[in-house]
Amino acid sequence: MGKESVKLIANNKKAYFDYFIENTFEAGVVLHGTEVKSLRMGKCSIKESFIRIENGEVYVYGMHISPYEKGNIFNKDPLRIKKLLLHKYEVNKLNGQLATKGYTIVPLKVYLKGSLVKMEIGLARGKKLYDKRQDIAKKDQRREAEKEFKVKNLY
């Protein structure tokens with residue numbers, strides 16, 4: 001089997017800032033009509049979205065897919081609830097972890113894998129304010145180090 005191309009459509013950087021990502025899963029997304037064409041053009045946002053498990057099925061709420069311009073009556077509601085496709089054992093694993101206090105499921109990225117639209121979801125634990133401050137401090141330190149390195153190598 002050939003190597004499948006992966007094209008990133010949307011990324012949720014805020015999730016990495018707000019949560020510790022413990023585990024990631026790849027899920028298929030159930031789409032209708034012109035949503036795939038809109039996604040291929042990169043018109044998608046997962047910043048405000050979240051994931052819930054209901055009756056053993058996984059759904060993503062608040063994922064915005066802009067209507068396809070040439071789609072007319074076939075366009076669906078941009079904020080429609082979309083079903084995610086996961087194996088039963090993955091859903092059970094997620095459900096077991098969600099029962100643990102402080103865990104949630106967040107969408108991390110949406111991408112095209114070959115001709116299929118996939119979503120990477122993460123089992124996440126919320127960060128406290130001091131954890132976020134540590135992250136900001138580390139980022140600043142790294143930026144300073146890179147700046148110094150650049151200045152040193154300039155001369």
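Just the heavy atoms: all of them, side chains too, but no hydrogens, waters or symmetry mates, feed the values below.
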Heavy-atom closest contact (A15 atom, V106 atom, distance): CB-CG2, 4.2 Å
Interatomic spacing from CG in L86 to CD1 in I51 - rounded to 0.5 Å: 8.5 Å
Pairwise distance OH(Y16) to NZ(K109) - rounded to 0.5 angstrom: 5.0 Å
T24 side, atom OG1; I105 side, atom CD1 - distance, nearest 0.5 Å: 12.5 Å
Closest non-hydrogen atom pair between P107 and S49, with its separation: CG-OG, 3.1 Å
Single-linkage hydrophobic cluster Y19~Y103, side-chain heavy atoms < 4.5 angstrom: no
Single-linkage hydrophobic cluster V29~L39, side-chain heavy atoms < 4.5 angstrom: yes
Approximate separation, where rounding is to 0.5 Å, of K139 NZ and R142 CZ: 7.5 Å
Donor-acceptor under 3.5 Å (K14 side chain, E48 main chain): no
Minimum heavy-atom distance N12-K47, with the two atoms named: OD1-CA, 4.3 Å
Identify each donor-acceptor pair in which a side-chain atom of residues 52-65 lies under 3.5 Å from a protein atom, sequence neighbours left out, and give them as a table.
| residue | atom | partner | partner atom | Å |
| --- | --- | --- | --- | --- |
| E54 | OE1 | Y61 | OH | 3.3 |
| E54 | OE2 | Y61 | OH | 2.5 |
| E57 | OE1 | Y59 | OH | 2.5 |
| E57 | OE2 | K83 | NZ | 3.1 |

hydrophobic_cluster_shared for L98 and F50, side chain cutoff 4.5 Å: no
Minimum-distance pair of heavy atoms, taken over all atoms of V36 and L31: CG2-CD1, 3.8 Å
Joint cluster assignment, L84 & L94, ILVMFWY side-chain distance < 4.5 Å: yes
Identify all side-chain donor-acceptor contacts of residues 111-126 below 3.5 Å with residues at least two apart in sequence or on another chain.
| residue | atom | partner | partner atom | Å |
| --- | --- | --- | --- | --- |
| Y111 | OH | E26 | OE2 | 2.5 |
| K113 | NZ | E26 | OE1 | 3.4 |
| K113 | NZ | E26 | OE2 | 3.3 |
| R125 | NE | E22 | OE2 | 3.1 |
| R125 | NH2 | E22 | OE2 | 3.1 |

